[in-house]
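Below is one structure, written out as structure tokens, with a few remarks after it.
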Amino acid sequence: MKFLSSMDTSASALTAQRLRMDIIANNLANVNTTRSGNVDAEGNVLPYRRQTALFAARPAHEAASFATTLTKAEERLTAPGAGVRVVGIVEDQKPFKMVYDPDHPDAIREGPEAGYVRMPNVNTVTEMVDMISATRAYEANITAINSAKTLAMKALEIGRG
């Protein structure tokens with residue numbers, strides 16, 4: 001049924017935006033995390049790195065060969081409908097913020113950066129802007145689903161006579 005494809009598209013966007021919100025919440029929760037479990041080449045403990053989700057367009061359904069159709073059907077089983085899909089979650093490679101705090105347990109002990117603490121590269125203002133953007137996209141897709149639902153209900157009323 002073709003009228004359900006618009007709902008599938010919006011549903012995939014809702015899923016993607018929910019994942020984006022989860023990642024933003026994770027970034028905000030770790031804004032002061034100085035121990036990620038990773039260590040650099042010099043043995044220093046690395047702080048949390050900001051994460052972002054990568055999205056890609058999911059191609060719409062199209063006429064193709066049997067093999068292509070079968071492959072696409074398999075893809076639809078795992079993630080139905082056209083719309084958006086999450087390609088991956090990547091770490092932001094921007095440098096860490098350096099804060100001078102020689103009493104901190106994770107302060108660098110030797111070298112020219114002695115006394116400095118590496119803090120996560122998470123900017124709360126950027127995260128809040130991304131969160132507002134994700135919220136707006138989520139709301140827009142809910143509106144699209146409601147419009148498609150209203151359209152389908154109106155079409156059924158036409159059939160009643």
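Hydrogens, waters and symmetry mates play no part in the numbers below; they use all other heavy atoms, side chains included. These figures come from a predicted structure and were not determined experimentally.
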Q. Should we say atom CE of Met98 is surrounded by more than 12 heavy atoms from elsewhere, each under 6.0 Å from it?
A. yes
Q.
The test is side chain to side chain contact (heavy atoms under 4.5 Å, CB included); show your working for Gln51 and Asn30 and say whether it passes.
A. CA-CA 11 Å; Gln51 297 177 338; Asn30 288 299; over 6 Å; no
Q: Scan side-chain atoms only and decide if Asp22 and Asn26 contain a donor-acceptor pair under the 3.5 Å cut-off.
A: no
Q: Enter the distance from Ile89:CD1 to Ile23:CD1 here, rounded to the nearest 0.5 Å.
A: 3.5 Å
Q) Got a sec: does the CZ of Arg109 have more than 12 other heavy atoms crowding it under 6.0 Å? A) yes
Q: With the side chain counted from C-beta on, respond yes when Val99 and Tyr116 share a heavy-atom pair under 4.5 Å apart, and no when they do not.
A: no
(Q) Let me confirm one number: the CD1-OG1 distance from Ile24 to Thr126, rounded to the nearest 0.5 Å. (A) 10.5 Å
Q. Is there a chain of hydrophobic side chains (I, L, V, M, F, W, Y, each step under 4.5 Å between heavy atoms) that links Ile132 to Leu28?
A. no
(Q) Tell me every residue that passes side chain to side chain contact (heavy atoms under 4.5 Å, CB included) with Ser133, counting only those two or more places apart in sequence or in another chain. (A) Arg20
Q) Listed by chain and number, what are the salt bridge (Lys or Arg N to Asp or Glu O under 4.0 Å) partners of Arg49, not counting sequence neighbours? A) none
(Q) Are the side chains of Val31 and Glu127 in contact, using a 4.5 Å heavy-atom criterion? (A) no
Q: Evaluate the side-chain proximity of Val117 to Thr34: yes if any heavy-atom separation is below 4.5 Å, no if none is.
A: yes
**Q.** Under the salt bridge (Lys or Arg N to Asp or Glu O under 4.0 Å) test, residues paired with Asp101 that sit two or more places apart
**A.** none
(Q) Using side-chain heavy atoms (C-beta onward) and a distance below 4.5 Å, is Gln17 in contact with Phe55? (A) yes
Q | Rounded distance (nearest 0.5 Å) linking atom CG of Leu14 with atom CE of Met7 | A | 11.5 Å
Q.
Using side-chain heavy atoms (C-beta onward) and a distance below 4.5 Å, is Ser12 in contact with Arg58?
A. yes
Q: With rounding to the nearest 0.5 Å, note down the distance linking OH in Tyr138 to CZ in Arg18.
A: 7.5 Å
Q. Is it true that Asp106 and Arg35 make a salt bridge, defined as a side-chain N closer than 4.0 Å to a carboxylate O?
A. yes
Q. If you group Ile, Leu, Val, Met, Phe, Trp and Tyr by side-chain heavy-atom gaps below 4.5 Å, do Val87 and Val84 land in one group?
A. no
Q) Are Ile108 and Leu46 joined in one hydrophobic group, where the rule is that I, L, V, M, F, W and Y side chains link up if heavy atoms are under 4.5 Å apart? A) no
(Q) Using side-chain hydrogen bond (donor to acceptor under 3.5 Å, both in side chains), reason through Tyr48 and Asn32 one step at a time and then give a plain yes or no. (A) CA-CA 8 Å; Tyr48 174 82; Asn32 291 319; over 6 Å; no
Q | Residues Glu157 and Arg160 bridged, charged N to O under 4.0 Å | A | no
Q. What pair of heavy atoms forms the shortest contact from Pro102 to Ala107, and how long is it?
A. O-CB, 4.1 Å
Q. Would a 4.5 Å heavy-atom cut-off, applied to side chains only, mark Met119 and Pro47 as touching?
A. no
(Q) Any heavy-atom pair between the side chains of Asn141 and Arg136 that's under 4.5 Å? (A) no
Q. Counting N and O atoms only, with roles assigned by atom type, does the side chain of Thr15 sit under 3.5 Å from a partner on the main chain of Ala11, one being a donor and the other an acceptor?
A. yes
Q. Are Lys97 and Asn121 side-chain neighbours, meaning at least one heavy-atom pair lies under 4.5 Å?
A. no
Q: Output the distance between atom CZ (Arg50) and atom CG (Asp130), rounded to the nearest 0.5 Å.
A: 5.5 Å
**Q.** Interatomic spacing from CG in Asn38 to CD in Glu91 - rounded to 0.5 Å
**A.** 7.0 Å
